Amino acid sequence: MKLASRLERVKPFYVMELMERARRHEMAGHEIIHMEVGEPAYPTAAAIARAGREAIDRGDTRYTPATGLPALRERIAGYYRTLDVDVDPERVLITSGASGGLMLLAAALLDPGDDILVTDPGYPCNEAFAEAVGAHARRVPVYADTRFQPQWADLLAHWSERTRGVLLASPSNPTGSMLGRSELEAIVQGVRGRGFLILDEIYQGLVDDDPPYRSVLQLADDPIVLQSFSKYFGMTGWRLGWVVVPEVMIAGMRTLAQNLFISPSTVAQHAALAAFGEEAMAEHERRRLQFMRRMSHLSQGLEQCGLVVPVRPQGAFYVYADVSSSGLTASEFSQRLLDDFHVAATPGADFGSVDAERYVRFACTVDLPVLDEVIRRVGVAVRRYRGD
């Protein structure tokens with residue numbers, strides 16, 4: 001059997017190997033502190049879970065429209081109004097997770113041979129969606145001196161006759177950094193007339209108290225927004241997301257959704273209706289504040305251990321730490337931290353190639369007392385590896 005050649009170009013996650021290594025330690029009786037996976041440890045808020053159960057009990061389990069329940073699209077438009085953004089519900093399309101949204105956007109916007117610009121470091125799966133439609137993700141290096149975010153000049157320098165658009169994230173994975181308001185405005189203006197801009201805002205709810213903006217749609221109406229119920233709304237396993245697209249894309253996206261996915265999960269959509277209710281939003285806000293405290297606490301603690309956090313995260317729940325002072329590469333540091341001290345964190349190689357062996361990502365998905373233990377173990381590890 002001959003398999004498609006694209007399988008050779010889609011790379012596995014290093015974190016999967018790390019998780020298998022952690023599993024072997026756990027089978028040997030060791031307790032591992034897991035900070036490698038970007039998934040909140042909290043269960044889905046009770047109000048959302050209750051709404052999902054009630055949908056099943058009512059028999060609301062049949063197909064919905066391909067673009068999602070009208071009531072949910074209206075609810076999301078209402079959510080944007082709380083962010084000072086006026087969005088027509090028709091432009092809101094419900095998807096099978098943000099991944100389903102990216103697949104639809106790649107199919108709608110990219111032809112074989114096209115390029116899309118992405119950041120390095122960045123979310124690694126972005127490249128796979130381009131490959132799936134015969135296109136190519138072209139990496140734009142970003143560094144700590146620009147908060148791991150690109151300037152318009154960086155994007156323009158990598159733009160070619162094959163480039164159709166840009167996919168950025170704010171807040172970003174793995175760094176938790178946000179594009180500045182003026183930088184984003186310059187990118188919006190620069191891309192306009194040349195191609196499309198997709199802004200991944202799946203961590204947008206998980207931001208500090210004074211973000212530069214709540215959505216790119218506050219700045220302009222034409223960017224495409226990718227969103228998810230997974231992070232701020234805590235619904236990872238429900239596999240539900242949404243995109244906000246220009247009016248010209250609605251019909252084509254609907255046709256693609258009908259053909260590729262039929263419809264998003266009906267039960268998940270009914271559950272998500274409760275995600276914007278008072279009870280659930282209070283829980284989301286409580287968790288947001290906890291994530292912000294955790295990232296600040298871990299950043300300070302890692303620096304006290306002798307590591308460097310060059311960019312303090314403004315959102316998401318990650319800390320991207322420079323471990324080069326340990327005398328090890330990031331891959332070596334991650335492996336030995338797991339083997340010697342039973343803390344699992346993800347090396348930078350999972351997110352690209354730029355300075356990948358300098359950085360390790362820690363996901364702040366554990367409580368503060370556990371973070372204190374992580375900081376203690378990392379401190380011992382750094383001293384040991386440096387030979388102090």
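What you see is a predicted model, and the numbers here were worked out from it, not measured in a lab. Values below: all heavy atoms of this structure, side chains included; hydrogens, waters and symmetry mates excluded.
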How close do [X] and [Y] get, heavy atom to heavy atom, and via which atoms?
X: Leu93; Y: Glu90; value: CD2-O, 3.8 Å
X: Ala316; Y: Ser172; value: CB-O, 4.3 Å
X: Ala268; Y: Met235; value: O-CE, 3.9 Å
X: Ile33; Y: Glu373; value: CD1-CG, 4.1 Å

Hey, does [Y] have a side-chain heavy atom less than 4.5 Å from the side chain of [X]?
X: Leu217; Y: Val244; value: yes
X: Ile224; Y: Leu197; value: no
X: Ile116; Y: Val166; value: no
X: Val207; Y: Tyr232; value: no

Flag the pair [X] and [Y] as a salt bridge only when some basic side-chain nitrogen lies within less than 4.0 angstrom of an acidic carboxylate oxygen.
X: Asp339; Y: Arg21; result: yes
X: Arg162; Y: Asp114; result: no
X: Arg288; Y: Glu283; result: no
X: Asp222; Y: Arg192; result: yes
X: Arg164; Y: Asp111; result: no
X: Glu26; Y: Arg23; result: no
X: Arg139; Y: Glu127; result: yes

With a 6.0 Å cut-off (strictly less than), is the heavy-atom count around CZ of Arg58, excluding the residue itself, greater than 12?
yes
More than 12 foreign heavy atoms under 6.0 Å from CD of Glu20: is that the case here?
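Above 12, so yes.
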Determine whether the aromatic ring centres of residues Phe233 and Trp238 are separated by less than 6.0 angstrom.
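No, ring centres 6.0 Å or more apart.
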Ring center gap for Tyr318 and Phe291 short of 6.0 angstrom
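Judged by ring-centre distance (under 6.0 Å), Tyr318 and Phe291 do not meet the cut-off.
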Is the ring pair Tyr320/Tyr359 parallel, tilted or perpendicular, if the boundaries are 30 and 60 degrees?
parallel
Look at the side-chain heavy atoms of Ile, Leu, Val, Met, Phe, Trp and Tyr, link any pair under 4.5 Å apart, and say whether Met178 and Leu83 land in one connected group.
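Linked within one cluster.
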Are Leu206 and Leu289 linked, directly or through other ILVMFWY residues, by side chains that come within less than 4.5 angstrom of each other?
no
Say whether, by atom type as modelled, one donor and one acceptor occur between the side chain of Thr266 and the main chain of Arg62 under 3.5 angstrom.
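Pair found, side chain donor or acceptor close to backbone of Arg62.
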How about Asp200 and Ser170: does a side-chain donor come under 3.5 Å of a side-chain acceptor?
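No, no side-chain donor-acceptor contact under 3.5 Å.
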